[in-house]
Amino acid sequence: AKGAMDDVSPALRAFLNYVAGISCKDPFVQELEQAVMDARRNREWRHEYMALQMRDQENIEKGREEGTDSVL
């Protein structure tokens with residue numbers, strides 16, 4: 001997102017700037033920012049997201065254990 005942006009459209013430049021933490025007045029970026037704010041306020045979505053993160057972490061740890069077991 002922080003690379004040279006000489007050959008990208010203004011809309012893509014606005015999106016990449018948003019990803020890099022730079023706000024702008026681009027309509028799509030403003031719509032995206034609103035969707036992000038709505039998602040952050042949604043308790044049910046946050047609960048589901050945290051549950052998925054915990055499941056993923058458990059799977060990562062399980063994979064590491066299985067990988068270690070196969071080496072021994």
Side-chain angles (χ1 to χ4, degrees):
K2 295 182 180 184
M5 293 192 227
D6 299 337
D7 60 344
V8 298
S9 69
L12 180 56
R13 183 177 297 126
F15 173 74
L16 292 172
N17 282 336
Y18 173 74
V19 170
I22 302 168
S23 63
C24 71
K25 301 293 182 197
D26 180 78
F28 174 73
V29 170
Q30 289 183 335
E31 185 178 338
L32 178 62
E33 176 63 19
Q34 184 62 48
V36 168
M37 289 181 356
D38 291 345
R40 287 181 178 165
R41 282 189 231 120
N42 184 323
R43 278 185 99 107
E44 183 179 331
W45 182 87
R46 285 192 343 234
H47 178 73
E48 184 178 331
Y49 178 79
M50 288 189 307
L52 289 172
Q53 274 194 309
M54 287 175 21
R55 185 203 66 196
D56 289 347
Q57 187 60 39
E58 289 170 359
N59 286 334
I60 289 169
E61 290 172 14
K62 184 178 177 181
R64 285 186 178 141
E65 289 172 6
E66 289 177 7
T68 302
D69 290 344
S70 67
V71 172
L72 299 175

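- For CD of Glu44, the number of neighbouring non-hydrogen atoms (other residues, nucleotides, ligands) closer than 6.0 Å is 12 at most.
- Note that the CZ atom of Arg55 and the CD1 atom of Ile60 stand 10.5 Å from one another [nearest 0.5 Å].
- Counting heavy-atom neighbours within 6.0 Å of Glu31 CD, excluding the residue itself, gives a total of 12 or less.
- Just one residue in the list Leu32, Val8, Asp26 forms a side-chain contact (heavy atoms from CB on, under 4.5 Å) with Phe15, and that residue is Leu32.
- Within 6.0 Å of the CZ atom in Arg41, the count of heavy atoms belonging to other residues, nucleotides or ligands exceeds 12.
- Between atom CE of residue Met54 and atom CG of residue Asn59 there is a gap of 12.0 Å, rounded to the nearest 0.5 Å.
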Run the side-chain contact (heavy atoms from CB on, under 4.5 Å) test on Val29 and Cys24 for me, step by step, so that the C-alpha distance in whole Å, both residues' side-chain angles and the decisive distance to 0.1 Å come before the verdict. CA-CA 7 Å; Val29 170; Cys24 71; 4.1 Å; yes
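- Side-chain contact between Arg13 and Leu16: absent, with no pair of heavy atoms (C-beta onward) separated by less than 4.5 Å.
- The side-chain heavy atoms of Val36 and Arg40, taken from C-beta on, include a pair separated by under 4.5 Å.
- Residue Gln30 places its CD atom among more than 12 non-hydrogen atoms of other residues, nucleotides or ligands, all under 6.0 Å distant.
- Alongside Trp45, the hydrophobic cluster contains Tyr49 (criterion: ILVMFWY side chains under 4.5 Å).
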